[in-house]
J.: 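Questions regarding the structure given below will be posed in turn.
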Amino acid sequence: MEHTGFPSDETLAAFIDGRLDAETRAKVIAHLTTCSECYSVFLSATELPSRTAARDAWRPRRAWIAVATATVAAVIACVLLVTPVRDRILHRENGMEALTKAAPAQRIIAGRISGFPYQSPAPVMRGSKFDPQQNPENASLLTAAAGVQRSVAARRTAANLHASGVANLLLGKDDIAIDTLHEALLVETGQRSVAAAIAESDDVALLNDLSAALSNRALAKRRAIPDAVEAVRCADRAFRIGRTPEAAWNRAIAVEALNGRGHAMTAWHDYLAIDETSGWAEEARKRIAAD
């Protein structure tokens, strides 16, 4: 997406300096997720040693970007001449670590994302739909998500697509998250259909996170039955081949989405057989007691 006039250079500079009101700041944050030009300026400017240097770098915008891009390209070209360094960089495709560090303190989905620490559920927002992209507290998450998207643009590998799917899930974009995770599954397995890919996949984390995304959409009642069925299939496959706490958790959530909490008691007890002490275990017990 090309820059369309908002934010202006002055507004973007004020955003970096922390001088915007909350409403305008939220709009700028949302814009940064779709405009590669503004994001490049934001990222480069915030890495300068001082705000004064950053402000001096604004004009002319396009010329500054061209110089910065050329400099970075030259550095990358030099680095890639060194084979061990090149190999480490080219194979370090997974943006999950950055997303884990930038994740909000509270989770907005019932499911559990692979590798993420325990996060208590966010309060249910009534009235207008809550949009994580409009929350100024998610600035770090938006930055991490933008980095993941750049990796996908460079290489549509299973790892990059997986991270992109998780980023979209964290930002409340269930449909995009599921489509992207489906693509990751197809790339990982080489299959032509999602059903076959689920049956063949050995990527426990990918299956788990796809299950979490599907359950989240199922619970929103947009595609309840098809999504819940696929969520159970993904979580069952992940649980059989990995028996991770995440897969056990998401299997229980998927069964709840499909048949209601009363039918998920066995799955919740399976979870507690793996994890008895964490925050997740405490939440599982509350779910059992609430039935």
Side-chain angles (χ1 to χ4, degrees), residues 15-16 18 25-26 28-34 36 38-49 54 72 76 85 88-123 130-155 157-174 176-177 180-181 184 203-213 216 238 242 244-247 249-250 275 278-281 283:
F15 172 75
I16 289 177
R25 176 181 170 80
V28 173
I29 289 174
H31 177 79
L32 292 176
T33 67
T34 60
S36 57
C38 286
Y39 180 78
S40 296
V41 174
F42 161 73
L43 188 63
S44 299
T46 53
E47 289 175 349
L48 290 174
V72 171
I76 292 174
V85 176
R88 284 198 296 273
I89 291 175
L90 293 182
H91 287 87
R92 196 172 137 189
E93 300 174 319
N94 197 337
M96 292 293 289
E97 182 178 353
L99 292 171
T100 302
K101 292 179 179 178
Q106 295 179 310
R107 72 181 195 276
I108 62 171
I109 65 172
R112 180 172 174 177
I113 301 173
S114 300
F116 278 53
Y118 177 71
Q119 300 155 298
S120 60
F130 174 68
D131 184 357
Q133 295 181 90
Q134 300 299 321
N135 186 351
E137 295 181 1
N138 287 341
S140 295
L141 174 59
L142 289 166
T143 299
V148 167
Q149 291 308 116
R150 290 199 305 276
S151 295
V152 171
R155 299 186 70 192
T157 63
N160 287 342
L161 290 163
H162 181 181
S164 176
V166 169
N168 281 294
L169 181 59
L170 292 171
L171 292 172
K173 302 177 181 179
D174 292 352
I176 298 174
T180 307
L181 291 169
D203 191 330
V204 174
L206 175 56
L207 288 164
N208 176 75
D209 295 342
L210 175 56
S211 178
N216 200 53
T244 63
E246 292 97 336
W249 178 277
N250 285 330
D275 170 22
S278 73
W280 297 104
E283 190 173 321

J.: Would you say the side chain of Ser278 lies within less than 4.5 Å of the side chain of Glu283, judging by non-hydrogen atoms?
T.: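 With C-beta onward as the side chain, the pair stays apart.
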J.: Just wondering, do Arg112 and Pro245 contact through their side chains at under 4.5 Å, heavy atoms?
T.: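 Contact flag for Pro245/Arg112 side chains = yes.
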J.: Heavy atoms only: give me the nearest Ala122-Ile108 pair and the separation to one decimal.
T.: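 Shortest heavy-atom separation between Ala122 and Ile108 comes out as CB-CG2, 4.4 Å.
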J.: Under the side chain to side chain donor-acceptor pair (under 3.5 Å) test against His162, which residue among Asp209, Asp203, Thr157 passes?
T.: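 Testing each of Asp209, Asp203, Thr157 against His162, the sole residue satisfying side chain to side chain donor-acceptor pair (under 3.5 Å) is Asp209.
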J.: Return the minimal non-hydrogen interatomic distance between Gly111 and Ala212, and the atom names on each side.
T.: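 What the structure gives for the nearest pair is CA-CB, 4.2 Å.
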J.: Might you point out which heavy atoms bring Ala144 and Ala98 nearest each other, and give the distance in Å?
T.: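 Answer, listing the atom of Ala144 first, then Ala98: CB-O, 3.9 Å.
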J.: Taking all non-hydrogen atoms of both residues, which atom of Leu181 and which atom of Val166 are closest, and how far apart?
T.: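 In terms of heavy atoms, the two residues are closest at CD2-N, 4.4 Å.
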J.: State, with a plain yes or no, whether a side-chain heavy atom of Thr180 is found less than 4.5 Å away from one of Lys173.
T.: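 Counting from C-beta outward, Thr180 and Lys173 never come under 4.5 Å.
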J.: Could you tell me whether the side chain of Arg107 reaches within less than 4.5 Å of the side chain of Phe116, counting heavy atoms only?
T.: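 Counting from C-beta outward, Phe116 and Arg107 never come under 4.5 Å.
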J.: Treating Asp174 as the side-chain partner and Leu169 as the backbone partner, does any N or O pair qualify as donor plus acceptor under 3.5 Å?
T.: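 No: the side chain of Asp174 does not pair with the backbone of Leu169.
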J.: Sort out for me which residue in Asn208, Ile113, Ile109 forms a side-chain contact (heavy atoms from CB on, under 4.5 Å) with Asn250.
T.: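 Checked Asn208, Ile113, Ile109 against Asn250; only one passes side-chain contact (heavy atoms from CB on, under 4.5 Å): Asn208.
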J.: Check for a donor-acceptor pair, side chain of Trp280 on one end and backbone N or O of Glu246 on the other, with a separation under 3.5 Å.
T.: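 The answer is no, because no donor-acceptor pair under 3.5 Å joins these two groups.
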J.: Please name the pair of heavy atoms, one in Ala145 and one in Ala167, separated by the smallest distance, quoted to 0.1 Å.
T.: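 It is CB-CB, 3.9 Å.
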J.: Which atom names give the shortest non-hydrogen contact between Thr100 and Pro117, and what distance separates them?
T.: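 Minimum heavy-atom contact is CG2-CD, 3.9 Å.
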J.: What I want to check is whether the side chains of Ser151 and Asn160 have a donor and an acceptor closer together than 3.5 Å.
T.: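 There is no such pair between these side chains.
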J.: Evaluate Leu171 against Leu142 for side-chain contact (heavy atoms from CB on, under 4.5 Å), listing each step before the verdict.
T.: CA-CA 8 Å; Leu171 292 172; Leu142 289 166; 3.7 Å; yes
